[in-house]
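Below you'll find the structure, written out as structure tokens, and then a few comments.
Counting begins at 1 with the first residue of the sequence. Bear in mind that the values here come from a model prediction, so they are computed numbers and not experimental data.
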Amino acid sequence: MASVSISFVLIFVIFTASYAANSYRAAVYEHRLVYNVPLSQIIEANLVAYDQNAEEAASQDAKIIVFPEDGIIGLDHSRTSIRPLLEQMPDPKTTTWSPCDEPKKYGVSRILYRLSCMAKKNKIYVVANMGELLPCNRSTDPNCPQDGNYQFNTDVVFDSKGVLLAKYHKCNLYFEFQFDTPVTCQPETFETDFAGTFGLFTCFDILFHSPAVDLVHQGVKNFAFPTAWMDVLPLMSAVQTQMGWSTGYDVNLLAANLHIPEYRFHGSGIYSGRRASPVFYYSETINASRLIVADVPLPSEEGQQIPRVKTAVPSVGNGAGLNAKINGDIYNAVVLHPTQNNAEVCYDTLCCQASYQMSDAQETYVLGAFSGVHKENMTFFMQVCTIVKCSNSSFSMCNGVLEASTKFSYLDLSGNFTTKDVYPSVVLVGVNLAGFSEWQFFDDPKIKSSTGFSQPLLAATLLGRWFERDRR
């Protein structure tokens, strides 16, 4: 059965002048990629939808629109097949250029021209993803590829006058052999006239320190995030990852994903840190692109500074009586029983504690702990405390569960994390994100719900990234 989860999408309210002065209206577009057409038509087929949604966003007074990764040139290219879809462009740090006004200045610029005119026509900032071709000389550049060209997965930003404002080369590629990894990962920002500085990063970058966390440490509080994210339930669905990152760092994140649910590409949203509940879209329905528009509160200049408190390690043994396989990793775990209300489990030095009240629906939930290198597809070091629903009592099926009937009327989940980079999320039945009226995140770190959740729980997770211990 198709499942549609959406929160406050396309609902507009007249706010007071004082609130409006401290917010901006943003749009993200989850795009049903057109890819079953000849290569020569793929750009135009996708840009038609971009044009329509940029116009609609502008008609609803959005100041900025973010489009997804790979939404124009598509997926599954080889290094050779993608080349006709790539374009050259100058460095916007040194050159001021409006492709709409000077379309032939840097050769054929079909995509850049259309995006620039889209921004200019609608008087809206446009963030999109495309491919850049950058010729190089192998005799003078030791890193120049064999074919004499760099090919970069590139985000581009146009201001409301159509001027190319910024470009960013994706640093952390995910099996994208058609593209080159930049020799140096360069964090990129751009300035707006409605919210100041924005940071820019792409898809898999969200799991790594550079450039995303580097920008957070520089004080950036607004981010544009084009992505082509495949859901990995129960811990790394698209909307769950987006909300966790925004909440963990208490920053605004405008996240636009592809919509190809038959291949698990779906889930977009507008996230305002801890200041407002997420406005998100998650649908398994085919051909269900969606424009999301919402008002985004501006963070204070100081940001939210909550002292970090180390949680004491409980006096329990290391490990537990069972293991649960979650997202390819083996977790130490304990079963949650409706009559016990408390549980603890450790994995090496990480210990997770849960206090809870749950209905007795004869379903299996575990409290799991993991501290180690995640090894499925890509390797990176995680520390995780999670309460997750499993579909059987052998704990071999704790992945991809979408249905549940057990409600939690109280939940307190915490752990003695070594890392400070912890991303919280609460996912309810149907991959709905629980709003902040139902839970809070504390920097201990802790997830706490004093009144419980309105829908049955799929997973409540504290996912920590210990960047210093990555083996890459």
Side-chain angles (χ1 to χ4, degrees), residues 2-4 27-57 65-87 89 108-115 117-118 126-133 149 151-156 168-170 172-180 202-205 224-232 237-239 242 255-269 281-292 377:
S3 170
V4 179
V28 302
Y29 174 55
E30 179 160 314
H31 175 52
R32 174 66 180 182
L33 179 68
V34 180
Y35 55 88
N36 56 347
V37 296
L39 191 64
S40 60
Q41 300 174 24
I42 193 169
I43 290 175
E44 178 62 23
N46 287 295
L47 283 175
V48 166
Y50 278 36
D51 272 325
Q52 294 170 347
N53 283 275
E55 183 175 356
E56 177 61 25
I65 185 169
V66 181
F67 294 104
E69 180 186 27
D70 298 322
I72 300 173
I73 61 177
L75 301 161
D76 298 327
H77 293 290
S78 69
R79 184 173 180 87
T80 302
S81 70
I82 200 174
R83 189 162 299 162
L85 306 178
L86 307 180
E87 296 185 5
M89 65 187 80
V108 177
S109 303
R110 291 176 296 168
I111 298 173
L112 291 167
Y113 171 77
R114 289 287 294 276
L115 294 173
C117 293
M118 190 184 305
V126 169
V127 181
N129 177 267
M130 57 183 293
E132 180 181 5
L133 183 71
N149 294 288
Q151 298 183 180
F152 293 122
N153 179 325
T154 305
D155 294 337
V156 292
Y168 161 69
H169 296 151
K170 184 180 179 182
N172 300 284
L173 300 178
Y174 187 80
F175 298 107
E176 298 166 70
F177 305 113
Q178 69 272 35
F179 292 122
D180 298 301
T202 313
C203 201
F204 203 44
D205 287 331
F225 179 58
T227 184
W229 191 278
M230 295 179 69
D231 268 2
V232 185
S237 67
V239 292
Q242 295 157 14
N257 198 4
L258 293 175
H259 187 81
I260 319 175
E262 62 268 36
Y263 294 108
R264 307 200 320 271
F265 291 96
H266 52 161
S268 305
Y281 176 64
Y282 185 95
S283 172
E284 295 179 352
T285 303
I286 309 299
N287 296 322
S289 298
R290 184 61 60 96
L291 178 69
I292 306 170
N377 295 328

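- Atom-to-atom distance recorded for I65:CD1 and N53:CG is 6.0 Å, nearest 0.5 angstrom.
- Between the CG atom of N172 and the OG1 atom of T202 there is a distance of 9.5 Å, given to the nearest 0.5 Å.
- A side-chain N or O of H169 and one of E132 form a donor-acceptor pair less than 3.5 Å apart.
- A salt bridge is defined here as a Lys NZ or Arg NE, NH1 or NH2 lying under 4.0 Å from an Asp or Glu carboxylate O, and R32 with E262 meets this definition.
- Taken to the nearest 0.5 Å, the CE atom of M130 stands 7.0 Å off from the CD1 atom of I72.
- Checking side-chain atoms of H259 against main-chain N and O of T285 turns up a donor-acceptor pair under 3.5 Å.
- Taking the six-membered ring for Trp and the full ring otherwise, the centers of F67 and H31 sit at least 6.0 Å from each other.
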Item to check | R79 vs R83, side chain to side chain contact (heavy atoms under 4.5 Å, CB included): CA-CA, chis, key distance, verdict | outcome: CA-CA 7 Å; R79 184 173 180 87; R83 189 162 299 162; 4.0 Å; yes
Checklist entry - Would F265 and D231 count as a side chain to side chain contact (heavy atoms under 4.5 Å, CB included) if you check the C-alpha gap in whole Å, the side-chain angles of each, and the deciding distance to 0.1 Å? => result CA-CA 6 Å; F265 291 96; D231 268 2; over 6 Å; no
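- A228 approaches L258 most closely through the heavy-atom pair CB-CD1, 3.7 Å.
- A salt bridge is defined here as a Lys NZ or Arg NE, NH1 or NH2 lying under 4.0 Å from an Asp or Glu carboxylate O, and R110 with E44 fails to meet this definition.
- The closest donor-acceptor contact from the side chain of Q151 to the backbone of Q178 lies under 3.5 Å.
- Contact between S109 and E87 at its shortest, heavy atoms only, is CA-OE1, 3.3 Å.
- Closest heavy-atom contact between H266 and P261: ND1-CB, 3.8 Å.
- Proximity of T227 to P68: side-chain heavy atoms (C-beta onward) are nowhere separated by under 4.5 Å.
- Here the closest non-hydrogen pair linking L291 and A27 is CD1-CB, 4.0 Å.
- The shortest non-hydrogen separation linking S268 to I292 is O-CD1, 3.8 Å.
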Checklist entry - Where do I43 and L85 land on the side chain to side chain contact (heavy atoms under 4.5 Å, CB included) test, with the steps shown first? => result CA-CA 8 Å; I43 290 175; L85 306 178; 3.9 Å; yes
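- For Y35 and N46, the side-chain atoms include no donor-acceptor pair closer than 3.5 Å.
- Taking both residues in full, the closest heavy atoms of E176 and E69 are given as OE1-OE2, 3.7 Å, listed atom of the first, atom of the second, then distance.
- With a 6.0 Å radius and a threshold of 12 heavy atoms from other residues, nucleotides or ligands, Y50 has its OH atom above the threshold.
- L47 contributes atom CG, which lies 6.5 Å from atom CD1 of I111 (distance to the nearest 0.5 angstrom).
- A donor-acceptor pair is defined here as one N or O able to donate and one able to accept, closer than 3.5 Å; such a pair exists between the side chain of T154 and the backbone of F152.
- Taking CH2 from W229 and CG from N257, the interatomic distance works out to 9.5 Å, rounded to the nearest 0.5 Å.
- At least one side-chain heavy atom of K170 sits under 4.5 Å from a side-chain heavy atom of C203.
- Of the charged side-chain nitrogens involved, at least one lies within less than 4.0 Å of a carboxylate oxygen, so that D51 and R114 count as a salt-bridged pair.
- Side-chain atoms of D70 do not come within 3.5 Å of backbone N or O of L75 as any donor-acceptor pair.
- Put simply, CD on E30 and OH on Y282 are 10.0 Å apart, with the number rounded to the nearest 0.5 Å.
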Item to check | Stepwise side-chain hydrogen bond (donor to acceptor under 3.5 Å, both in side chains) test for D205 and Y168 | outcome: CA-CA 12 Å; D205 287 331; Y168 161 69; 2.6 Å; yes
